[in-house]
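Just so it is clear: chains get the letters A, B, ... in the order the sequence lines come, proteins before strands, and each one is counted from 1.
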Amino acid sequence: MKTKQPIDAFARDLPPEIRESVYVGSKAKYDKRLDSLTQSFAAPDDIRKLAGQIKQHTLENLPEYLGSAIEKLEGNGAKVHYAKTGDDANQIILDIMRSVNATKLIKSKSMVSEEIHLNKFLEKNGCESIESDLGEFIVQLDDDMPSHIVTPIVHKNRKQIANTFEKAGLGDYNDDPQTITRRARSFLRNKYIEAEVGLTGGNFVSAETGRIALVTNEGNARFCISANKTHIALIGIEKVVPRDKDLAVLLNLLARSATGQQLTVYTQFINGPKSEAQPDGPENMHVIFLDNERSNILGSEFKEILRCIRCGACLNVCPIYRQSSGHAYRAVYPGPVGAVLSPLLAGKRYPEYADLPKASSLCGACNEVCPVDIPLPELLLRHRNKAKREGIKKASAGTPSMAGWSVLCSTPAMWKTSLRAGKAMDYISLNLIPVPAVQAWAKERSLPPFRGGKFRKWFKDRQKNK
Amino acid sequence: MLATDRVTGTQVQLMMTCLCDTFFDSVAQATVEVLEHVGCTVEVPEAQTCCGQPAFNSGDWDSTRKVARHTCRTFDSSKPTILPSGSCSHMISHGYDLAFEKEDDLSTAQTFAKSSWELCDFLVNGLGIESWPGRFDAKISLHRSCHTRGTQTYQSAVKLLSSIEGVELIEFDESEQCCGFGGTFSVAYPNTSVSMGKLKIEKLTADKPDIVGAVDMACMMHLSGIANKQGRQFNKLHVSEILMKALRNAK
Ligand code: SF4
């Protein structure tokens with residue numbers, strides 16, 4: 001069917017096998033999430049609300065908590081940087097690498113590094129940057145984009161992955177998952193040893209101690225900072241939480257919401273470079289706090305989106321994401337969280353992404369699963385309103401104008417006339433009405449018979465006869 | 001919203017909703033009959049039109065407020081206003097807060113919101129009705145209707161329906177998933193909307209229910225519109241119609 005919305009067109013043209021992969025993966029994660037939360041907690045909803053309050057409280061007092069985190073980290077011997085933009089962060093990373101004469105970097109999974117397109121930047125500057133998370137590694141081999149924030153290759157099946165490995169010279173075609181994993185492992189082991197710098201993200205930073213919590217399932221973040229002398233942690237400023245104690249709430253929710261695990265396989269806490277008592281580990285630790293529009297978001301009507309802990313649950317449950325896949329969103333963050341966040345991270349290029357918040361039936365499933373209770377549908381609505389106020393055409397393409405309708409609905413006499421006139425609809429084929437919205441409806445849907453005003457008449461007669 | 005904050009009583013007004021005004025008069029009728037059965041006196045203010053949701057979801061909040069103000073003026077906030085729709089009542093109880101956030105008459109909208117109820121929510125939480133008399137022999141799969149999330153509507157409907165002799169509510173897969181209507185979403189995203197609808201129909205009818213039930217006719221219009229085009233109609237009823245049929249069978 002014809003459509004003016006790019007995400008709807010993408011969904012229409014999506015190869016069925018990709019839709020199937022995304023659907024099966026999403027549903028499995030959704031089901032496991034529900035099981036794990038209800039098995040562990042008597043009132044999962046209350047914990048979600050508590051976690052939301054913790055994050056919201058932190059946001060309301062962010063300068064203070066961020067300041068404290070920085071102070072603690074510095075006290076622990078880390079060097080702390082603040083990057084206003086993605087470009088600034090990239091430059092800081094390159095400068096750090098140059099300062100230790102490094103050209104090879106190995107990194108664990110970090111959405112923030114995707115956000116600033118770090119790999120491409122380092123490559124352009126003559127450095128190697130290797131992804132060590134298996135999914136991200138495959139994305140990198142394919143020169144693809146992650147299509148999910150937790151499971152980046154949910155859109156691929158193992159045949160495609162086997163082809164990728166063959167093309168990359170990692171052995172003959174073999175689509176046995178164990179073989180694929182083993183091949184990646186032996187390739188990456190060498191890369192861990194060769195790399196001079198290891199880069200990680202950070203899921204949470206405690207303002208109380210500067211402790212960074214890092215979760216992975218493959219243990220790759222540990223490897224990234226085991227064989228080299230320099231560790232860079234690239235972290236969004238919104239990742240701060242007040243106390244170590246708060247990590248208990250948030251870590252309990254993160255893995256359950258993301259994959260249905262009680263906890264990820266590896267959970268690390270790092271609060272500085274190696275101490276004298278430790279036999280090994282990075283001697284230099286740099287923590288880069290990235291702003292990249294976050295301060296602006298904090299001061300806007302969208303600030304709740306900064307509570308996000310990147311669990312991906314809202315993607316998994318979202319029926320539009322399930323139909324369209326992550327790539328439909330043309331941005332690093334897809335799904336409901338992406339539909340809210342990506343236009344904001346685009347800064348001045350907001351209008352380019354103003355259609356993203358349209359990718360929702362406003363069903364509210366995302367809010368219901370969000371571990372930090374972000375009112376995602378409300379934020380999507382705020383975006384739509386902002387786009388309308390700013391006259392951004394891309395957002396409203398395909399949506400009928402409401403101006404005339406609102407006059408009709410606030411003028412009872414007109415309303416009643418139209419109830420009579422509507423009867424005409426029964427005698428005309430809907431397919432012949434040259435109104436785009438009617439066409440869009442009628443291609444694959446009929447309308448029920450028009451019965452305008454029938455109830456009003458029934459009710460009046462009934463009152464008379466009483 | 002706390003039950004104690006809300007306006008209840010048996011002198012009620014019906015807000016039939018624009019869809020029942022134009023297509024589903026049987027639902028508005030059944031709602032009146034159900035309300036009268038439990039002892040309510042029902043008024044139907046003539047000037048009523050629509051809650052304003054289509055404009056709200058489209059981002060046009062000026063138009064929304066124009067319609068919402070008309071609605072607030074049309075109904076008397078000192079009496080309960082009952083809607084046979086989970087979605088429109090959600091619009092009034094939550095949407096108006098957002099649409100009027102920065103307006104001087106926010107409190108007018110909120111006062112009206114406190115008097116508005118979805119039908120099942122009103123029966124159970126407004127009037128304290130716990131079970132429904134009569135008999136209705138049917139296997140029913142009840143579509144949740146997304147805008148009832150976070151409200152008492154769905155639980156209330158389940159409570160009433162499952163208390164009716166002969167009713168068997170069947171569980172179906174992916175009950176949390178949306179039907180794909182979403183107001184103007186249905187025409188702005190026609191492909192995605194219809195795909196979602198087809199999936200929903202499959203799940204709702206997997207166990208061959210006698211009736212597909214709903215707490216909102218918008219979802220129903222979309223689903224049965226798709227099924228119709230595919231030549232695979234199913235029996236559909238709004239909860240008010242099921243309640244009414246059960247009563248008739250008792251007589
Ligand atoms: S918005 Fe909520 S559900 Fe979505 S990724 Fe963020 S924390 Fe998870």
Side-chain angles (χ1 to χ4, degrees), chain A residues 1 3-5 7-9 11-12 27 317 319-320 323-324 358-365 367-368 378 381 384-388 395-400 402-403 405-410 412 415 419 422 436-437 440-441 443-456 458-459, chain B residues 16 18 20-25 28-29 32 44 46-50 52 54-64 66-67 69-70 74 95 98 146-147 149-150 174 176-178 180-197 199 221-222 224-226 228-229:
Chain A
M1 263 182 283
T3 179
K4 287 189 178 144
Q5 287 289 335
I7 294 180
D8 190 46
R12 178 193 61 202
K27 188 170 156 62
V317 78
I320 285 86
Q323 292 291 338
S324 62
K358 263 285 177 190
S360 170
S361 61
L362 301 171
C363 76
N367 169 245
E368 204 168 67
E378 188 181 309
L381 280 161
R384 292 180 186 185
N385 180 236
K386 176 176 156 76
K388 168 77 189 165
S396 57
T399 302
M402 294 291 157
W405 170 89
S406 71
V407 175
L408 178 69
C409 290
S410 45
W415 177 259
L419 282 180
W441 175 273
K443 188 93 199 292
E444 289 203 52
R445 284 167 288 208
S446 63
L447 267 186
F450 189 78
R451 298 184 58 82
K454 288 265 193 287
F455 168 76
R456 290 174 188 255
W458 173 86
F459 188 77
Chain B
M16 65 187 111
C18 60
C20 291
D21 207 357
T22 48
F23 295 114
F24 305 110
D25 51 318
Q29 281 182 26
V32 170
V44 181
E46 269 285 302
Q48 63 179 292
T49 56
C50 171
F56 181 62
N57 290 356
S58 306
D60 183 352
W61 295 5
D62 285 337
S63 295
T64 306
K66 190 182 239 170
V67 178
R69 283 188 179 116
H70 170 72
T74 302
L98 209 53
C146 293
H147 285 162
R149 287 177 215 265
E174 297 184 7
E176 87 291 349
Q177 288 284 308
C178 171
F181 175 65
T184 51
F185 173 81
S186 65
V187 291
Y189 272 65
N191 299 286
T192 313
S193 167
V194 168
S195 303
M196 285 162 68
L199 198 58
M221 179 172 80
H222 166 72
S224 64
I226 294 171
N228 216 3
K229 272 265 156 127

Flag side-chain contact, heavy atom, 4.5 Å: A/Arg456 against B/Val44: no

Just checking, any donor-acceptor pair under 3.5 angstrom between side chains of B/Ser186 and A/Arg445? no

Atom pair OG1/CZ of B/Thr192 and A/Arg12 - distance to nearest 0.5 Å: 9.5 Å

A/Thr3 vs B/Tyr189 side-chain heavy atoms within contact, under 4.5 Å: no

From B/Thr22 OG1 over to A/Phe455 CZ, what is the distance, rounded to the nearest 0.5 angstrom? 13.0 Å

If we only count heavy atoms from C-beta on, is the A/Lys388 to B/Trp61 side-chain gap below 4.5 Å? no

Counting only non-hydrogen atoms closer than 4.5 Å, does A/Ala359 touch chain B with its backbone (N, CA, C, O), its side chain (CB onward), both, or neither? both

All heavy atoms of B/Asp60 vs all of A/Ala403, minimum pair found to be OD2-N, 4.2 Å

Within this structure, what is the CG-OG distance for the pair A/Asp8 and B/Ser195, rounded to the nearest 0.5 Å? 8.0 Å

Test ring-ring contact (aromatic ring centres under 6.0 Å, His included) applied to B/Phe24 - qualifying residues, sequence neighbours left out: none

Note: A/Ser446 and B/Lys229 closest approach over all heavy atoms is N-CG, 3.7 Å

Atom CG of A/Leu362 and atom CZ of B/Arg149: how far apart are they, to the nearest 0.5 Å? 11.5 Å

A/Ala11 versus chain B, the contacting section by heavy-atom distance below 4.5 Å: side chain

With a 4.5 angstrom heavy-atom cut-off, could you sort out which part of B/Leu98 is near chain A: side chain, backbone, both or neither? side chain

Top contributor to chain A interface from B/Thr74, B/Thr64, B/Asn57, B/Leu199 [non-hydrogen pairs under 4.5 Å]: B/Asn57

Please state whether the side chain, the backbone, both or neither of B/Met16 comes within less than 4.5 Å of a heavy atom of chain A. side chain

Please enumerate all residues that pass side chain to side chain contact (heavy atoms under 4.5 Å, CB included) together with A/Cys409, with sequence neighbours excluded. A/Trp405, A/Trp415, B/Thr49, B/Cys50, B/Val67

Please examine the side chains of B/Val187 and A/Thr399, heavy atoms only from C-beta on, and report whether any two atoms are closer than 4.5 Å. no

Side chain, backbone, both or neither of A/Glu444 within contact of chain B (heavy atoms, under 4.5 Å): both

Partner chain A: residue of B/Asn228, B/Val194, B/Asp62 with the largest heavy-atom pair count (under 4.5 Å): B/Val194

Taking every heavy-atom pair that is under 4.5 Å apart, which of B/Cys18, B/Cys178, B/Gly52, B/Pro54 has the most such pairs with chain A? B/Pro54

In terms of heavy-atom pairs under 4.5 Å with chain B, the winner among A/Pro319, A/Ala397, A/Gly453 is A/Pro319

Using heavy-atom distances under 4.5 Å, tell me whether B/Val32 contacts chain A through its side chain, its backbone, both, or neither. side chain

If you count heavy-atom pairs within less than 4.5 Å of chain A, which of B/Ala28, B/Ala47, B/Ser224 leads? B/Ala28

Considering only heavy atoms, which portion of B/Gln29 lies under 4.5 Å from any heavy atom of chain A: side chain, backbone, both, or neither? both

With chain B, the option among A/Ser410, A/Ser396, A/Gly398 that has the most non-hydrogen atom pairs under 4.5 Å is A/Ser410

Top of A/Glu378, A/Lys386, A/Arg384 for chain B proximity - count of heavy-atom pairs under 4.5 angstrom: A/Arg384

Any side-chain heavy-atom pair from A/Lys443 and B/Pro190 closer than 4.5 angstrom? no

Give, for atom SG of A/Cys363 and atom CE of B/Met196, the distance between the pair rounded to the nearest 0.5 Å. 6.5 Å

Who among B/Ala188, B/Gly182, B/Gly183 has the most heavy-atom pairs with chain A under 4.5 Å? B/Ala188

With the side chain counted from C-beta on, respond yes when A/Ser360 and B/Phe185 share a heavy-atom pair under 4.5 Å apart, and no when they do not. no

Tell me which of these, B/Glu174, B/His147, B/Arg69, B/Gln48, has more heavy-atom pairs under 4.5 Å with chain A than the rest. B/Glu174

